[in-house]
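Order of the sequence lines fixes the chain letters, A, B, ..., with proteins taken first and strands second; residue numbering starts at 1 for each chain.
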Protein chains: 2
Amino acid sequence: MSKAGSSVDRVYDQVRRMAANFEFKPDERINESTLSTTLGASRTPLREALNRLVAEGFLTFQNGRGFFCRSLNPGRIIELYEARVAIECEALRLSVARGTDDEFKSVSDYLDQTEPHYENPDRAIDILEMDEGFHIKLATLSQNSELVGILRNINDRIRYVRLVDIRLLLRRQPLGKNKGAELSAHRIILNALAARDQKTAVSAMRNHIERRREEATEAVRIAYSQLYVPAD
Amino acid sequence: MSKAGSSVDRVYDQVRRMAANFEFKPDERINESTLSTTLGASRTPLREALNRLVAEGFLTFQNGRGFFCRSLNPGRIIELYEARVAIECEALRLSVARGTDDEFKSVSDYLDQTEPHYENPDRAIDILEMDEGFHIKLATLSQNSELVGILRNINDRIRYVRLVDIRLLLRRQPLGKNKGAELSAHRIILNALAARDQKTAVSAMRNHIERRREEATEAVRIAYSQLYVPAD
DNA sequence: GAATATTTTGCTGTATACAATTTTTCGATA
DNA sequence: TATCGAAAAATTGTATACAGCAAAATATTC
């Protein structure tokens, strides 16, 4: 059950997490020697990991100049949200046909278990992870691992912006407000799915993601400014 | 206009093409020393390229055992066809809203220019490239480079199977038959797009791709057998 | 003092070496 | 003959060296 443990894999995991969290600033050049000593490995395995991350869209590469953090601009984030719509809506269509009632029940239990915690305004990260968890569980019911893989990649690349977005939402209106009253967007999607109502489920999903996408530009602006302000 | 020309990039391009064409047999282990001398580079840049290709889904990697060609099985190919539906249908929705009449005209010209060549039964590769070209042009109208990038990746990973599938179709019934008579699937999609008829366009696209997907299992079987038979 | 040329520094790109691990070979045993 | 085990061979994983290139620093010119 333990991770494999090669140097490349370890370095890969670490740099991937750093890139996802924008611990490298957008467009920042990555110094291989410095980073390799920081991570306790030599440049060879580091560069192998960096190459993987280029292919995954976390970093860019310029010949002769090395590796850079991906840039952070609204246009790209919006594209990724649109890609999410593509992937999640199609996965949902497949899930309507392929998911079992038991599986739907299991996702419902997951919502029962996690939704109460959506009140806590301090733990934006937890909320984000629960949100990602729901979407991944849903996508998994499609039984299409390619779709799930693409979704994971997208999620990781927009994670930082989503985190900022959640904090923004929490500040505007604590999410605990509508406890029990109106149904959450997630619940609406899941109910339609459980009812095998493809059209309703897909349009609810599309709506849900697009609503977040509309906030992306603002969230990117805030994210960008926060990255260049020392944490207080 | 010329390619950058670092050793990694050159090796990457070559190995990618080899992998796409299954010049490595499915699940075959890749010998780094042999391949690096074949390609005229050392193992360091080769391994960097191989790592990129793992991230792109062309190869797999096992710690301590090295790199392997991806396996070729119907399940994965079907997943990729399903992912194509997800990407291309959503791209098409966006294209309906974002494409200009001029752009639609340009794609129409492309069809005018390429469709006559669909008769030639010997040039399955040309037909495949024209087909891919059409789908990429269409996706590009969405103005979403993420979707286009994902589609390119999928196309390259299923290229070999599509090639076999086209040969299969050509053998059953020469495509030149319905010249001018009935509309090609591509033309139907494009006409609906030009009419800004989203529903018709998307359902035509879905139908078009799913029809090919249904043949995938058979095509994989043939592809598999051909890979293990010496060419005559 | 600003702009340009030149030196210096630092970093990247690739080859190579070697330890660690895996795979193969080959012989012993039942 | 098939199975297991040990030795040998081959292959991978990582560190390191160094050439070549890019960027920064310094000097030079107007």
Can you tell me how far [atom2] of [N] sits from [atom1] of [X], to the nearest Å?
X     : N      : atom1 : atom2 : result
B/L39 : C/dG13 : CG    : C1'   : 17 Å
A/L46 : C/dT12 : CG    : C1'   : 12 Å
B/F67 : D/dT12 : CZ    : P     : 9 Å
A/E28 : C/dC11 : CD    : P     : 13 Å
B/F68 : D/dT11 : CZ    : C1'   : 11 Å
B/Q62 : C/dT22 : CD    : C1'   : 12 Å
A/N63 : D/dC21 : CG    : P     : 11 Å
A/R47 : D/dA15 : CZ    : C1'   : 14 Å

Non-neighbouring partners of A/Q14 that pass side chain to side chain donor-acceptor pair (under 3.5 Å), sequence neighbours left out: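 A/Q14 satisfies side chain to side chain donor-acceptor pair (under 3.5 Å) with no other residue.
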Any donor-acceptor N/O pair, B/N21 side chain to B/E23 backbone, under 3.5 Å: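 Not at all, since once roles are kept as given, no pair shorter than 3.5 Å links the two residues.
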B/T38 side-chain N/O to B/T34 backbone N/O, donor-acceptor pair under 3.5 Å: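 Flag set: sc B/T38 to bb B/T34 pair under 3.5 Å.
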Among [options], which nucleotide has an atom closest to any side-chain atom of [X]?
X     : options                : answer
B/P45 : D/dG13, D/dT14, C/dT14 : C/dT14
B/N31 : C/dT12, D/dA22, D/dT11 : D/dT11
A/E32 : D/dT12, D/dA15, C/dG13 : C/dG13
A/R43 : C/dT16, D/dA15, C/dT12 : C/dT12

Sugar-phosphate, base or nothing in reach of B/F61, heavy atoms under 4.0 Å: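 Sugar-phosphate: the residue B/F61, judged by heavy atoms under 4.0 Å, touches backbone atoms but no base.
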Sugar-phosphate only, base, or nothing, as touched by B/L50 at under 4.0 Å among non-hydrogen atoms: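 If one applies the 4.0 Å heavy-atom cut-off, B/L50 turns out to touch nothing in the nucleic acid.
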Contact nearer the 5' end of DNA chain C, comparing A/G66 with B/T44: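 Mapping each residue to its closest nucleotide by heavy atoms, the 5'-most match is A/G66.
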Parallel, tilted or perpendicular: ring planes of B/H186 versus B/H135, cut at 30 and 60 degrees: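 Correct class here is perpendicular.
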Earlier contact from the 5' end, DNA chain D, for A/G40 and B/I30: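 First, find each residue's nearest nucleotide; the 5'-ward one identifies B/I30.
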B/R29 or A/R65, whichever maps to the more 5' nucleotide of DNA chain D: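 Here B/R29 is the residue nearer the 5' end.
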Atom pairs and distances, side-chain donor-acceptor, residues 46-53 of chain B, under 3.5 Å, sequence neighbours left out:
| unit_1 | atom_1 | unit_2 | atom_2 | d |
| --- | --- | --- | --- | --- |
| B/R47 | NE | A/E48 | OE2 | 2.7 |
| B/R47 | NH1 | B/E32 | OE1 | 3.3 |
| B/R47 | NH1 | B/E32 | OE2 | 3.0 |
| B/R47 | NH2 | A/E48 | OE1 | 3.1 |
| B/E48 | OE1 | A/R47 | NH2 | 3.2 |
| B/E48 | OE1 | A/N51 | ND2 | 3.2 |
| B/E48 | OE2 | A/R47 | NE | 2.7 |
| B/N51 | OD1 | A/R52 | NE | 2.8 |
| B/N51 | OD1 | A/R52 | NH2 | 3.4 |
| B/N51 | ND2 | A/E48 | OE1 | 3.2 |
| B/N51 | ND2 | B/R47 | O | 2.9 |
| B/R52 | NE | A/N51 | OD1 | 2.8 |
| B/R52 | NH1 | B/D9 | OD1 | 3.4 |
| B/R52 | NH2 | A/N51 | OD1 | 3.3 |
| B/R52 | NH2 | B/D9 | OD1 | 3.4 |

